[in-house]
Amino acid sequence: MSNKPAVTDTTPENFIEAIISKDLSEGNVPKVITRFPPEPNGYLHIGHAKAICLNFGLAESFNGECNLRFDDTNPAKENQDYIDAIQEDVRWLGFTWAGNVRYASDYFDQFYAWALHLINNGDAYVCHLSPSESSEYRGWATTPGKDSPYRSRSVAENLELIESMRAGEFDEGACVLRAKIDMASSNMNLRDPILYRIRKEIHHQTGDKWCIYPSYDFAHGQEDAIEGVTHSICTLEFADHRPLYNWFIEHLPVPATPHQYEFGRLHLNYTITSKRKLKLLVDEEHVVGWDDPRMPTIAGMRRRGYSAKALRNFCQSLAVAKTDGIVDVAQLEFFIREDLNENAPRAMCVLDPVKIVINNFEQYISESVQSMTAACHPNNAAMGDRTLPFTRELYIDRADFSEDTSLSRKKFKRLVMGEYVRLRSAYVIKAEAVTKNSDGSIDFISASLVPNTVGDNPPEGIKPRGVIHWVSASEGEQAEIRLYKRLFDHESPDGGDGEVTDHLTPDSMTVLNDCWIEPGLAYASPETAFQFEREGYFVADRWEHSSTRPVFNLTIGLRDSK
RNA sequence: UGGGGCGUCGCCAAGCGGCAAGGCACCAGGUUUUGAUCCUGGCAUUCAGAGGUUCGAAUCCUCUCGCCCCAGCCA
């Protein structure tokens, strides 16, 4: 019965929720209808995730509906692949739009009829000023514009001209349809804005039906009105367009009166959220496609191993306000780790293997393999156990062994020559000797196990320095691991001088081919997340992982307080 | 210097005249067969600045300073 959002947390109502609550309680709107209106000219990114969560979330909280509508008014930049990808991203994030997918292009006939309506009322005219002339006539912020010489054309002439435009009788750029508002307005958007321009393009939805296309301003508010959208939420840069949005609603016989509200878009440091620049990275092959795990696209983050839940939690943590701040990417990473820590089963993987041979193996273990039992999650028994084969030859990470006996126990909690370390979920071992290759590198380490230390503390006097992970050399499997660093090494790659490509991290991706994973992991389904203990969270690659060629992507490392 | 928007801890942010929430980050301890998790504690006498109104101001008024957006036939 209550109009209050069904939020369970104590997050205070944001200004948009306050407006909606008021509209509902005062009976201004019977039901809340919002919309997420992407242009299909690129993939959705983290900034869109915020908008999606906001619009769909508001609809959910207030028992309303949210439409997915493609704002496809510029066929030159749009295509079907983007439409498909966007729908998949929205669904994956966990949202369901009301009814069918909508398109601005569904309403092109109506828009044209409304253009004629404006012409008939003397509120619009066909203008033959060239783009550069048009720019001159528009004036500058502190200087008013001048009326176009075509501003006084008769209704009849305008009617004839717009029909010629529609019929394809003019070249692109030859003329446009403009609203007759005020060339001296202090709001540049009101200086006779363009309603229709000529674009001889095949439209992905309407084919060759049209060669004139409505501008954003002439389309958006009317789309909202047609769909009965009550609260049209967009980002701050559109605030200057609101008077124009309202002008159309007032001057046209639209079926409803939607209202536009603006909030501050998301900015993340070390990240770019510009579709144009993201497209550049793809086109110039700085990354491998829109869903490259380094991309801040929803598809990229998905492939990186971020869960939809984590992304939603992050978006919910963001303020819906009019301030334009830059969120620390650490805040995003917190929610990624929080989710993975709780839900990712633990496993072991050796990224940089060095062999270790247990010399006294036969002395204590009769079979060639001893099955160890390890919990899938240290704090959640419900996740069950897994079996780890312990064999005479194992791999540990090169970085987990040192011959330097002077290393302090506090600084190096790993295996040191002549000392003890715990093999996770298995024995305590002691490093006895190293055998080296001709180049000085370690060929293998000889070690001995301390009996009766599985699940038990070693005898008095034996103090393992720490716990390290391992994989059976004979039973484990080889895997490819892709390590990632942030794509940009600059806090604001998009700000200041230079190109975003100047700030690309040189080695943002490292492919490791000789990694060893515990058996079973190869059979994980693509997109399954794990915590490789002591290393970080990894995900089986959505496209390239298979049991015959396991491929895991680093999602994010563990917090490291070393 | 036209118009629009905004300035509260390193970052995000609540607060709307009654005496500065919360999250991230960071620091210090504790637990731990992951240098993870978890737990405990610390972290703005001050709200861009200056005046003013008031018993009382981050909240009201005035002025000043700073940042963002607008001159696409992009959205």
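Chain identifiers are assigned alphabetically (A, B, ...) following the order of the sequence lines, protein sequences preceding nucleic acid strands; residue numbering begins at 1 within each chain. Every heavy atom of this structure was used, including side-chain atoms; hydrogens, water molecules and symmetry mates were not.
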How would you label the contact of [X] with the nucleic acid (heavy atoms, under 4.0 Å): base, sugar-phosphate, or nothing?
| X | answer |
| --- | --- |
| A:R559 | sugar-phosphate |
| A:F334 | sugar-phosphate |
| A:G536 | nothing |
| A:F238 | base |
| A:S561 | sugar-phosphate |
| A:K413 | base |
| A:D456 | base |
| A:Q531 | base |
| A:I326 | sugar-phosphate |
| A:R242 | nothing |
| A:V421 | nothing |
| A:G173 | base |
| A:N341 | sugar-phosphate |
| A:T73 | sugar-phosphate |

Identify the nucleotide, in any strand shown, that forms a Watson-Crick or G-U wobble pair with [N], with both distances under 3.5 Å; if there is none, say none.
| N | value |
| --- | --- |
| B:C24 | B:G10 |
| B:G35 | none |
| B:G17 | none |
| B:C63 | B:G49 |

Quote, to the nearest angstrom, the [atom1] distance that separates [N] from [M].
| N | M | atom1 | answer |
| --- | --- | --- | --- |
| B:A58 | B:G29 | P | 36 Å |
| B:U31 | B:A25 | P | 23 Å |
| B:U37 | B:A75 | C1' | 44 Å |
| B:C68 | B:C12 | P | 14 Å |
| B:G42 | B:G49 | C1' | 30 Å |
| B:G5 | B:C9 | P | 23 Å |
| B:C24 | B:A14 | C1' | 15 Å |
| B:C19 | B:U54 | C1' | 14 Å |

Going through the distances and angles, do A:H259 and A:I19 end up as a side-chain contact (heavy atoms from CB on, under 4.5 Å)? CA-CA 11 Å; A:H259 292 277; A:I19 288 167; over 6 Å; no

Any idea how A:Y112 and A:Y196 line up, ring-wise: parallel (<30°), tilted (30 to 60°), or perpendicular (>60°)?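 Taking A:Y196 first and then A:Y112, their aromatic rings stand perpendicular (interplane angle over 60°).
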
Going 5' to 3' along RNA chain B, which are the first and last nucleotides with any atom under 4.0 Å from a heavy atom of chain A? B:G2 to B:A75

Between the side chain of [X] and the main-chain N/O of [Y], is any donor-acceptor distance below 3.5 Å?
| X | Y | answer |
| --- | --- | --- |
| A:N380 | A:E342 | no |
| A:R153 | A:N158 | no |
| A:N269 | A:D328 | no |
| A:E262 | A:R242 | no |

In terms of the nearest nucleotide of RNA chain B, which residue is placed more toward the 5' end: A:A321 or A:R138?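 Taking each residue's closest nucleotide, the earlier one in sequence belongs to A:A321.
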
With RNA chain B as reference, determine whether A:Y196 or A:T453 sits nearer its 5' end, using the nearest nucleotide of each. A:T453

Residues in side-chain contact (heavy atoms from CB on, under 4.5 Å) contact with A:S408, at least two apart in sequence or another chain: A:K410, A:K411

Decide whether a cation-pi geometry holds between A:R199 and A:Y213; the criteria are a distance under 6.0 Å from NZ or CZ to the six-membered ring centre and an angle within 45° of the ring axis.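 Ring-cation test returns no.
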
Determine, step by step, whether A:N189 and A:I181 satisfy the side-chain contact (heavy atoms from CB on, under 4.5 Å) criterion, reporting the C-alpha distance in whole Å, the side-chain angles of both residues, the deciding distance to 0.1 Å, and the verdict. CA-CA 10 Å; A:N189 295 118; A:I181 304 181; over 6 Å; no

When you check the glycosidic angle of B:G72, does it come out syn, meaning within 90° of 0, or anti?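 Syn conformation here, the glycosidic angle of B:G72 being no more than 90° from 0.
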
